[in-house]
Amino acid sequence: MNSTSLPSAALEPITSSDISPTQMELFHQQGYLIFDRLLNPEQVSQIVDRFEPLFNTQFETGVYPDEWYGRPGLSQANATQQMTGLWRCDRTLASFTLSAKIARINATLMGWTSARYGLDTCWIKPPSAPEVYFHRKNTYTSSIAPPATVTCWIALSDVALKTGSLEIVPGSHFWDCTDQMRFLHAP
Amino acid sequence: MQTKLKPLLSSQQIEQFHRDGFLVVENLLEPDRVERLVERFSPLFAGEFETGVYPDEWHWNPYLGRPGAAGQMTGVWKCDRTVAAAMMSSKIGQMAATLEGWNGARLVADGIWQKPGGAKETTLHQDSMYINYHTPAGVITCWVALSHAVAGASTIEYARGSHRWELSKAVPEFHNQNKSYRSEMEQAAELAGVGNPDVVQLTISPGSGVFHHGNTWHGSGKNTMDVVRRSMVLAYVPADAEFKPFGAYVPGGYIAGKYRRHSDNTMDESFFPIVWRNDGYRTSFLEPYSR
């Protein structure tokens with residue numbers, strides 16, 4: 001596998017020391033924290049260019065993904081396309097999803113001394129794509145000890161409410177309840 | 001210690017397998033087991049996994065899927081114990097090993113397929129295109145009908161004798177070709193000097209199946225009838241197989257390549273269990289499936 005280091009320009013503005021005490025507090029209060037310019041436009045293009053071959057069964061390594069929804073020919077035209085386990089299929093994507101820099105930011109926010117990769121995934125929501133159920137990542141990692149997860153969600157296009165943007169309930173990480181694992185697409 | 005075994009297949013059947021590249025074997029599964037397996041299809045394709053573990057591949061679900069499209073799922077034994085009990089059959093594994101002359105059979109992949117009326121063709125392919133990263137080499141697959149498999153309703157079809165042709169490059173698309181589903185097979189036939197390949201569409205009753213060599217070209221036509229064709233697939237490699245030595249990833253690793261530990265060529269029995277071996281050995285966690 002190629003080096004997982006990002007190109008030198010990637011993520012330079014952010015280091016662990018750039019996460020201020022205020023940002024840390026905000027993350028723990030809200031349950032999320034937004035970073036601007038995590039990737040530059042060139043890097044975003046590099047990632048987006050890989051999606052068409054992947055969803056058309058052209059896997060650069062010849063290894064198939066862990067999950068794959070919205071396969072052309074078998075799916076409705078407005079189906080959400082989702083693929084998980086990208087790093088095994090494509091080394092360009094692996095160079096981003098296995099980034100030590102992103103992992104370091106995640107670990108710093110959680111107060112961990114290191115971060116172990118859990119999974120990667122991409123989402124493509126065409127016009128009229130159905131909603132995605134509200135869920136909590138920890139529900140899907142309950143078999144892991146310690147059962148703690150942190151996720152970095154990166155926009156690769158302009159996202160707005162009408163284009164299926166990510167919605168988060170601030171403070172819901174404090175809710176003391178258990179959820180049922182469910183299929184996330186098209187509730 | 002060598003166990004005295006009652007032969008499950010005759011020498012004529014073994015000879016036929018090596019001549020044609022495939023062999024039909026009747027009554028592999030009892031009718032009640034077929035019924036129990038068929039009952040699992042709807043929940044599985046709807047994402048209700050009895051064990052809570054997701055499959056390796058899951059193509060088509062009722063929420064995002066196009067009505068009438070084919071459904072395919074692999075790695076199903078991990079999701080559902082009813083399916084696992086059938087996939088871990090020592091009898092089918094023994095037959096596979098016997099046909100290949102191996103001392104045992106290791107399950108490398110499993111799958112279920114459903115093709116409703118109107119479902120498109122499945123491109124003819126060779127399983128070795130997707131399972132060719134291990135040593136000693138060799139793949140044998142058992143395709144089991146879980147409904148009446150007949151011509152016109154997308155039954156399995158084979159290019160007779162094509163196991164003797166060269167292994168071709170992986171076909172670009174299984175489900176959604178914009179050309180004839182036999183075209184890649186026909187190109188391979190031409191390269192092999194076979195002008196008019198003998199394509200056989202089999203009639204198989206539920207619970208019966210067909211074993212095919214890893215290099216045998218096979219696929220299925222469009223389902224033109226108002227019935228759902230259902231089947232299950234069990235693919236084996238030799239019991240003593242391990243991964244060939246590779247670097248950071250297994251080139252062309254398809255599904256199995258995901259389960260190779262870095263710098264370790266072992267095919268871990270946790271993912272590739274030995275379902276039958278001629279000395280009586282069987283992967284230990286399969287015990288609940290042996291009753």
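Reminder, nothing fancy here: chain letters follow the sequence lines and each chain counts from 1. Here the structure is a predicted model, which means the values were calculated and not measured.
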A/Gln76 side chain to B/Gly65 backbone, donor-acceptor under 3.5 Å:
yes
Does B/Glu50, at its CD atom, have more than 12 non-hydrogen atoms belonging to other residues, nucleotides or ligands within less than 6.0 Å?
yes
Note, B/Lys258 side chain near A/Asp66 side chain (heavy atom, < 4.5 Å)
yes
Looking only at heavy atoms and a cut-off of under 4.5 Å, which of B/Phe174, B/Trp60, B/Tyr130, B/Tyr54 has the most pairs with chain A?
B/Tyr54
Other residues, nucleotides and ligands only: do more than 12 of their heavy atoms fall within 6.0 Å of CG on B/Leu167?
yes
Looking at B/His59, B/Gln72, B/Lys120, which has the largest count of heavy-atom pairs under 4.5 Å with chain A?
B/His59
State yes or no: are the ring centers of B/Tyr249 and A/Trp87 separated by less than 6.0 Å?
no
Is it the case that atom CG in A/Leu166 sees more than 12 heavy atoms from other parts of the structure closer than 6.0 Å?
yes
I'd like to know which of A/Leu74, A/Thr57, A/Val63 tops the heavy-atom pair count under 4.5 Å against chain B.
A/Leu74
Does the side chain of B/Tyr254 come within less than 4.5 Å of A/Phe59's, by heavy atoms?
no
Side chains of B/Leu64 and A/Pro130, heavy atoms from C-beta outward: is any pair under 4.5 Å?
yes
So for A/Gln58, is it side chain, backbone, both, or neither that comes closer than 4.5 Å to the heavy atoms of chain B?
neither
Crowded around B/Asp226 CG? As in, over 12 foreign heavy atoms under 6.0 Å?
no
Looking only at B/Pro251, B/Gly75, B/Ala70, B/Ala170, most heavy-atom pairs under 4.5 Å shared with chain A are made by B/Ala70
Are B/Glu173 and A/Arg71 packed together at the side-chain level, in the sense that at least one heavy-atom pair is separated by less than 4.5 angstrom?
yes
Nearest heavy-atom approach of B/Ala69 to A/Gly73 is CB-O, 4.2 Å
Hey, are the side chains of A/Phe183 and B/Tyr63 touching, using non-hydrogen atoms and a 4.5 Å cut-off?
yes
Counting only heavy atoms from other residues, nucleotides and ligands, does the tally under 6.0 Å from CG of A/Asp158 exceed 12?
no
